[in-house]
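Lettering follows sequence order; numbering is per chain, from 1.
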Protein chains: 2
Amino acid sequence: MINFTVGPVQSSDSVRMVGAEQVPYFRTPEFSEVMFENERLIKKFAHADENSKVVFITGSGTASMEATIINTLTKEDKVLVVNGGSFGHRFVELCRLHEIPYTEISLDYGQALSKEHIDAFDGKDYTGFVVNLNETSTGVLYDINMISDFCKKNNLFLIVDAISAFLADPINMSASKIDVMITGSQKALACPPGVSVIVLSENAVNRVKNNDAKCMYLDLKNALKNAERGQTPFTPAVGILLQINVRLKEIEKSGGVEAETAKIADIAEDFRKRISDLPFEICSDSLSNAVTPIHPTTASAYDIFTILKDEYGIWICPNGGELAEKIFRVGHIGCLTKEDNDKLIEAFYDLKKRNII
Amino acid sequence: MINFTVGPVQSSDSVRMVGAEQVPYFRTPEFSEVMFENERLIKKFAHADENSKVVFITGSGTASMEATIINTLTKEDKVLVVNGGSFGHRFVELCRLHEIPYTEISLDYGQALSKEHIDAFDGKDYTGFVVNLNETSTGVLYDINMISDFCKKNNLFLIVDAISAFLADPINMSASKIDVMITGSQKALACPPGVSVIVLSENAVNRVKNNDAKCMYLDLKNALKNAERGQTPFTPAVGILLQINVRLKEIEKSGGVEAETAKIADIAEDFRKRISDLPFEICSDSLSNAVTPIHPTTASAYDIFTILKDEYGIWICPNGGELAEKIFRVGHIGCLTKEDNDKLIEAFYDLKKRNII
């Protein structure tokens, strides 16, 4: 199978080799060193300030989204939440569940966030801004510079879920004054799913320390305390953390985050320029490098997903819910090459020849 | 390295081979089938009733302990919690954090739970009983028949954390009327850490459905709903779930849970009878098959852990906190043989020869 989903994605051979090894015991100085190196490289690639801290949560991206909401926000806050798809909607649900005062900026499917959208909230009593930088469900990348300028001007605590944006699109926590950045092991980190990552600015660390999160498993105060010695409060997904280590060093060796982002951008561009003669509409006002959302104009998106899976050995990424029939997504993250693009494009043209699309 | 810790433990070759493969996309009927099979085999090995349900949480055992507390108990309950070590203490902390009324049965290190301990609470207004069947931190296996009789008599909702007991010591959810059983991927399931498992009786499922857990990530109502179609609400540790599948089928093929438990018991017995001439005291009133807790009478337990790791290529399991110098543990779960025992015993005798112990 070739995997063009947005997670889990394909891993490199060296990452997979770690998966074949016995998982070592981890309450050791040796494993702590691995964790310190993971922290150092994640901070480097996120352009985080020196005093930032990194926490590794054994859980999905949602675990880290919820940990961020309950550990860095309180009922005294009032936050703006960008809701442009299912992940933005999830932040709205999390604020509601945990009684964090919020205002929702609702966007249509595929719509970009504009200056008008946010300027309506300029100079009000907000304290924070919560956004999925790349709304993975719709493939819309929001303008981080515009958001950052607005947050700086209004002194807002900025939470950025960069789950599919980290490494794939440019992010600079320091320059953009991002207080929390979230990502996951199974996106552009290209490791198996099971670990999500939270990078906390010094400001965010202080918020965590002054807050009482009512969840033991997602308590970041405890996680930060254990991270001081390169450990976690509870048994983590040790194997995946070792795979993340191999992968981060691979990226470092191949030119760092800029080279990785350029590689993903190149594969995305190659794919996009080759589908212009197919009955497809790209349906995002603001494309990320990570994923191309496509509306097939002549067939069911879910049928195309199923046929590619069953007859061509290719996974593309279906959408859930009401978009299932309308939209599929093609991911460009993970261990993919232009030769993989060739095979997907060939398969699409074959579907056309067969009058399926 | 040979790994005698209590998790992560050694995996079989076939489980490790799955770790080397690309992780497949999972929102598919194919992955749902794997999940249904995982549920079926976990239920079979736990001797759970037909109407029981299984939920797979991407997270440590603590994630499932907390999910159980917040989804199956309410402020209207009043539970007895056995606190005989760090995991029992964790249940106490969880009840306190989530404001579940509780009474703690505190035991000394290594002490078994007696009939006198629990009879003191007979006929009172309790609604539930919470216990770590094998208190892994001290290697004490509590008497499930005694606990079960007490709970049946008093009509108590019975929560059993069997994290290191499942497969290693006999458990029969149906006969013992256990309402919730918890285990983890990295114990006797012998897969990498990252997934914990909750088996819910019909009674427990009803409690979940009538409860509102204030945590999205640990919401079992949502997990149960998704499990109906063999899926999870959020991206799970797909690779580990596939490894669990291979491992469960391996156990099934080799004679089922009884054969697996007998194998672990045999390795534990072999180890225990061979250490009688060493300066070691076994410090548990009621040993499980999973682990032997040892107090070395002539040396620091933590020093022995470090020397075995650095000079003999062997991991034993250190204790944390105030027991670190006094106690180490030798696990008997995972892919271990009597030949592995040989090497550990040899190493111990070598330490004796060197006057280290």
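Note on A/Val9, A/Val15, A/Thr235: by heavy-atom pairs under 4.5 Å with chain B, the leading option is A/Thr235. Note on B/Met17, B/Lys309, B/Arg16: by heavy-atom pairs under 4.5 Å with chain A, the leading option is B/Arg16. The most heavy-atom pairs under 4.5 Å with chain B, out of A/Gly239, A/Gly61, A/Pro24, A/Ser185, come from A/Pro24. The residue among B/Gln243, B/Met65, B/Glu21, B/Glu30 with the most heavy atom pairs within less than 4.5 Å of chain A is B/Glu30. Note: A/Lys214 leads A/Gln186, A/Gln10, A/Arg27, A/Lys214 in heavy-atom pairs under 4.5 Å with chain B. Ranked by non-hydrogen atom pairs under 4.5 Å with chain B, the options A/Ala237, A/Gly194, A/Gly19, A/Ala20 are led by A/Ala20. Comparing B/Pro192, B/Ala63, B/Gly7, B/Gly184 by how many heavy-atom pairs each has under 4.5 Å with chain A, the most go to B/Ala63.
Defined by atom type and a distance below 3.5 Å, a donor-acceptor pair is present between the side-chain atoms of B/Thr337 and B/Asp340. Side chains of B/Asn38 and B/Asn245: a donor on one and an acceptor on the other come within 3.5 Å. When only modelled atom types and interatomic distance are considered, B/Arg90 and B/Thr62 share a side-chain donor-acceptor pair under 3.5 Å.
Here the shortest heavy-atom pairing between B/Val55 and B/Ala223 reads CG1-CB, 3.7 Å. Residue B/Val330 comes nearest to B/Leu344 through the heavy atom pair CG1-CD2, 3.7 Å, listed as atom of the first residue, atom of the second, then distance.
Interface residue A/Thr5: only side-chain heavy atoms are found under 4.5 Å from chain B. When heavy atoms are compared at a cutoff of 4.5 Å, A/Thr28 approaches chain B solely by way of its side chain, counted from C-beta outward. Heavy atoms of B/Glu93 lying under 4.5 Å from chain A belong to its backbone as well as its side chain. For B/Ser11, the parts lying under 4.5 angstrom from a heavy atom of chain A are both the backbone and the side chain. Interface residue B/Pro29: only side-chain heavy atoms are found under 4.5 Å from chain A. Looking at B/Met1, there are no atoms closer than 4.5 Å to chain A (heavy atoms on both sides), in backbone or side chain. Only the side chain of A/Tyr302 has a heavy atom closer than 4.5 Å to any heavy atom of chain B. Proximity to chain B (any heavy atom under 4.5 Å) is restricted, for A/Glu66, to the side chain, taken from C-beta onward. For B/Asp219, no part lies under 4.5 angstrom from a heavy atom of chain A. A/Met216 touches chain B through backbone and side chain together, each having a heavy atom under 4.5 Å away.
Here the options are A/Val208, A/Asp161, A/Leu220, A/Ile198, the test is side chain to side chain contact (heavy atoms under 4.5 Å, CB included), and the partner is A/Val180; only A/Ile198 passes. Of the candidates A/Ile57, A/Thr58, A/Asn226, A/Val195, A/Thr58 is the only one forming a side chain to side chain contact (heavy atoms under 4.5 Å, CB included) with A/Pro236.
A donor-acceptor pair is defined here as one N or O able to donate and one able to accept, closer than 3.5 Å; such a pair exists between the side chain of A/Ser196 and the backbone of A/Ser60. Counting only distance, with no hydrogens or angles, the side chain of A/Thr136 and the backbone of A/Asn134 share a donor-acceptor pair below 3.5 Å. Proximity of a side-chain donor or acceptor of B/Asn3 to a complementary backbone N or O of B/Pro8 within less than 3.5 Å is detected. With hydrogens and angles disregarded, no donor-acceptor distance shorter than 3.5 Å links the side chain of B/Thr183 to the backbone of B/Val197.
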